[in-house]
Amino acid sequence: MTSRHYMWRLAILALGFCSIAAGVYLFRNWIDIFTRMRGKEMALSPTSRAYDGWKISPLPLDFDVYLFNWTNPEDFYVGSGKKPRFEQLGPYRFREKPDKVDIAWHNQNSSISFRKKAFFFFDAEGSNGTLEDNITTVNTVAHAAALRTRVANFFETFAIKSALAVSEQRLTETKTAREWMFDGYDHPLVSTMVTVGKMFQVSLVPYDRVGFLYPRNGSADFEGYLNMYTGADDIRKMGQLYAWNNKTHTGAFDGECGNVYGSMGEFFPPNLTPKDHVSMFLPNLCRAVPLDYTETVSVHGVTAFKFSGTERAVDNGTLYPEETSCLCDNDTCGPVGVIYVGRCHHNTSLYMSYPHFYKADPSLLDAVEGLQPEKEKHEFFMTLEPNAGVPMDVGGGFQANYLLEPVQQVKIYQNIPRTFIPMMWAEERVRVTEEIAADIKLVPLIVLLGQIFTGVLLAVGLICVCWYPTRLFARFCHSDDPKDKMIALKPLAFGTNGPSASAPTCCQSTLNPNVGVRLLDYRRSSGVANTAVAKYDDDDVESNSSECSNSCGTERLINDSAQCPSTNVIIR
């Protein structure tokens, strides 16, 4: 074989090893490489592609509100034998127009601070009901005032009881849907406190009106001042909160339960797997809610992971004590499914749950009538494209419940049972369009192409490395020609053409005198031409060149076969 053949063989082997090395490296690092490349383009900045869509959502946002009408409050007393009955009204649908305002960039830690401002416009066609519907629910202001008598001194208790009697407060309030939601209504106790506060130049109550969503419409302060990472230093941190109202702990819960972290809903970590869980920070709950993987779905042809709120998100120390015991109120853990958020809402008796007490303790549902939890309607979920961490479909919400309990110092609350009263729940529904889904589909496609390219590199490398040994092995196994078998068994001698200069010649070789050898002079045209069997003694071995030439004819030593290419040797 010529030197050129050996050089080609070396080049093929080198190409094979390089391809295998590159394939192994890409197999282990392709996802990270693509993530870093994507991060340089997608990290939030005034000029990035993600900025405009983050500041003002390009998608239509539906905000649906459901209100519970209490139909039998007159039967709510100990010994009545009747459960409080509720009728769900709605949805009252609003078109949400959100925006980010008061934006400030912080390059020192790659973060951005902002406030969320949103306007809500009633969608009569998409609603089931009108804003003038009358709805009856618990009088939270009067009951909150009555609870103060438990810790107040004599004079404060007398003032509260007098105010409740003068204003003729009752167990419930009946107002229109408009008043219960964004508009709010005037409450005599609140108006009195506002007037007294103005006289003494102090703020005794946070609002001048009462309403579940008052004054959220058009307000930039309702959800607080938020600070989150832009992803400029690490795309995995993009959209994750660092601080809320300039604090890294909400103060609404003890320990880790009050830490500020999680997404605000626009961006989630990339490269998610079914073993991961994500978190979403909800200002109304003053905490981050964990969402666990539940299933893989398809949204407009894009494979996505569905992360849902499970029992872990509404447990308070019963099912997951190591994680959720810090959600208990003063070491008092209520039933599974309701979380006390009063410290987040001016110390009222407010509890959050999934709608209709979904995934809650059965005792909560058994205490009332009219609620029917269903997974399809009441599940809280985020469906994310796993490679990019982009939300594809969002739904569900949380229900506000008021703990109505007896207060012996106040007459109207002396003979009532301790019951969680559902008041309202809301959900924000958003689903990407097919056009946006087509753009998102490019991300998993690029990831797939990278994995295919990695596989091709590994395959090419293995073929190049294994090609020549495989060829020799196949030749050895399938050839009946003894000459081919001997060539296949010869060790590789790169860079040579024939025997080594230092190798012994045929005439320098010696054989054991007891070795019998058959020498075959093989010609392709005629087969075996001459056969001889010789028994050599030590005296038969000659060292001159002429005898060596003769030995290469029909009779020769087995060690000299390399110098006689036309001769094959068979050892008996």
Side-chain angles (χ1 to χ4, degrees), residues 60-73 84-99 116-145 167-195 205-223 282-284 341 345-346 348 350 352 355-356 370-371 377 396-402 404 421-430:
L61 301 179
D62 290 334
F63 186 73
D64 292 345
V65 182
Y66 298 85
L67 302 176
F68 289 103
N69 181 41
W70 192 352
T71 62
N72 63 338
R85 184 172 59 252
F86 299 92
E87 176 189 9
Q88 177 179 280
L89 301 180
Y92 300 96
R93 177 163 295 175
F94 296 83
R95 288 286 180 171
E96 182 179 355
K97 301 294 182 182
D99 192 7
K116 293 182 69 175
K117 185 176 183 178
F119 291 92
F120 297 86
F121 304 92
F122 183 65
D123 180 8
E125 294 184 359
S127 300
N128 181 24
T130 70
L131 295 180
E132 306 309 320
D133 292 342
N134 287 320
I135 297 168
T136 300
T137 191
V138 61
N139 186 347
T140 58
V141 176
H143 189 261
S167 58
E168 298 181 350
Q169 294 300 304
R170 303 173 60 186
L171 182 66
T172 60
E173 288 270 23
T174 301
K175 300 294 179 181
T176 64
R178 183 193 305 276
E179 292 173 310
W180 279 122
M181 291 186 287
F182 292 105
D183 287 8
Y185 66 93
D186 289 321
H187 195 286
L189 292 181
V190 173
S191 300
T192 301
M193 297 298 289
V194 170
T195 302
V205 289
Y207 302 120
D208 58 348
R209 297 172 69 84
V210 178
F212 298 140
L213 300 173
Y214 178 83
R216 183 174 182 178
N217 199 352
S219 172
D221 300 321
F222 190 82
E223 296 193 11
L282 300 177
N284 286 336
V341 293
H345 294 273
H346 319 295
T348 56
L350 192 63
M352 288 293 181
H356 289 242
L371 274 63
K377 296 179 179 179
F398 282 85
Q399 177 175 296
N401 309 281
Y402 191 87
L404 201 53
I421 304 297
M423 298 187 296
M424 59 86 66
W425 68 280
E427 69 170 338
E428 197 170 46
R429 292 302 305 262
V430 57

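Starting from 1, each residue takes its place in the sequence as its number.
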- Task: Any chance you could measure W180, atom CH2, to M424, atom CE, to the nearest 0.5 Å?
- Result: 11.0 Å
- Would you give the length of the straight line joining atom OG1 of T174 to atom CD of E179, rounded to the nearest 0.5 angstrom? 10.5 Å
- Item | Passing option when P355 is tested against F398, W425, Y66 for side-chain contact (heavy atoms from CB on, under 4.5 Å) | W425
- Message: With rounding to the nearest 0.5 angstrom, report the CE to CG distance, M352 to N284.
- Response: 6.0 Å
- Message: For R170, is the CZ atom crowded, meaning more than 12 foreign heavy atoms sit under 6.0 Å from it?
- Response: no
- Note on the structure: Scanning both residues in full, the closest heavy-atom pair of G218 with K117 reads O-CE, 3.3 Å
- Taking only Lys NZ, Arg NE, NH1 and NH2, and the carboxylate oxygens of Asp or Glu, determine whether E223 and R216 approach each other closer than 4.0 Å. yes
- Message: Please check: side-chain N/O of R429 versus main-chain N/O of D62, any donor-acceptor pairing under 3.5 Å?
- Response: no
- F63 and F120 aromatic centres sub-6.0 Å: yes
- Query: Does any N or O in the side chain of N69 come within less than 3.5 Å of the main-chain N or O of T136, such that one atom is a donor and the other an acceptor?
  - Reply: yes
- Query: Mind checking whether V190 and V141 have side chains closer than 4.5 Å, heavy atoms only?
  - Reply: yes
- Item | Criterion side chain to side chain contact (heavy atoms under 4.5 Å, CB included) on T192 and L189, from CA distance to verdict | CA-CA 5 Å; T192 301; L189 292 181; 5.5 Å; no
- Side-chain contact, heavy-atom cut-off 4.5 Å: L350 with N401? no
- Message: Between F122 and F182, is the side chain to side chain contact (heavy atoms under 4.5 Å, CB included) condition met? List the steps.
- Response: CA-CA 10 Å; F122 183 65; F182 292 105; over 6 Å; no
- Report yes if the side chains of Q88 and P422 come closer than 4.5 Å at any heavy-atom pair, otherwise no. no
- Task: Kindly give the heavy-atom pair with the smallest separation between F222 and P215, and that separation in Å.
- Result: CD1-CD, 4.2 Å
- Gap separating the NE2 atom of H143 from the CD1 atom of I421, nearest 0.5 angstrom: 10.0 Å
- Hey, does the side chain of S219 reach the backbone of D221 with a donor-acceptor pair shorter than 3.5 angstrom? yes
- Do the side chains of T71 and F86 get nearer than 4.5 Å, heavy atoms only? no
- dist R178:CZ -> L131:CG (nearest 0.5 Å) comes out at 4.5 Å
- Item | Closest non-hydrogen atom pair between A142 and Q169, with its separation | CB-OE1, 3.7 Å
- Query: After noting the C-alpha distance and the side-chain angles of F121 and F94, does the key distance pass the ring pair (Phe, Tyr, Trp, His ring centres under 6.0 Å) rule?
  - Reply: CA-CA 5 Å; F121 304 92; F94 296 83; 9.4 Å; no
- Does the side chain of E87 reach to within under 4.5 Å of the side chain of F68, using non-hydrogen atoms? no
- Query: Is a side-chain donor or acceptor of Q399 paired with a backbone partner of H356 at a separation under 3.5 angstrom?
  - Reply: yes
- Message: Before you tell me yes or no, could you show the steps for M423 and V138 under side chain to side chain contact (heavy atoms under 4.5 Å, CB included), namely the whole-Å CA-CA distance, both residues' side-chain angles and the distance that decides it to 0.1 Å?
- Response: CA-CA 8 Å; M423 298 187 296; V138 61; 3.7 Å; yes
- Query: If only atom types and distance count, is the side chain of E427 paired as donor or acceptor with the main-chain N or O of G396 below 3.5 Å?
  - Reply: yes
- Please tell me if the side chains of L171 and W70 come closer than 4.5 Å, counting only heavy atoms from C-beta onward. yes
- Query: For the side chain of N139 and the backbone of E173, is there at least one donor-acceptor N/O pair under 3.5 Å apart?
  - Reply: no
- Query: Between D123 and Y92, do the side chains contain an N or O donor and an N or O acceptor separated by less than 3.5 Å?
  - Reply: no
- Can you establish whether the number of heavy atoms outside E132 located under 6.0 Å from its atom CD is more than 12? yes
- Message: Within the structure provided, determine whether K175 and I135 are in side-chain contact (heavy-atom separation under 4.5 Å).
- Response: no
- Kindly indicate whether the side chain of Y214, heavy atoms from C-beta on, has any atom under 4.5 Å from the side chain of D183. no
- Minimum heavy-atom separation for D186 to S191, with atom names? CB-OG, 4.4 Å
- Message: Using the rule given for side chain to side chain contact (heavy atoms under 4.5 Å, CB included), can you reason through L67 versus F212, listing the C-alpha separation, both sets of side-chain angles and the distance that settles it, and then say yes or no?
- Response: CA-CA 10 Å; L67 302 176; F212 298 140; 4.0 Å; yes
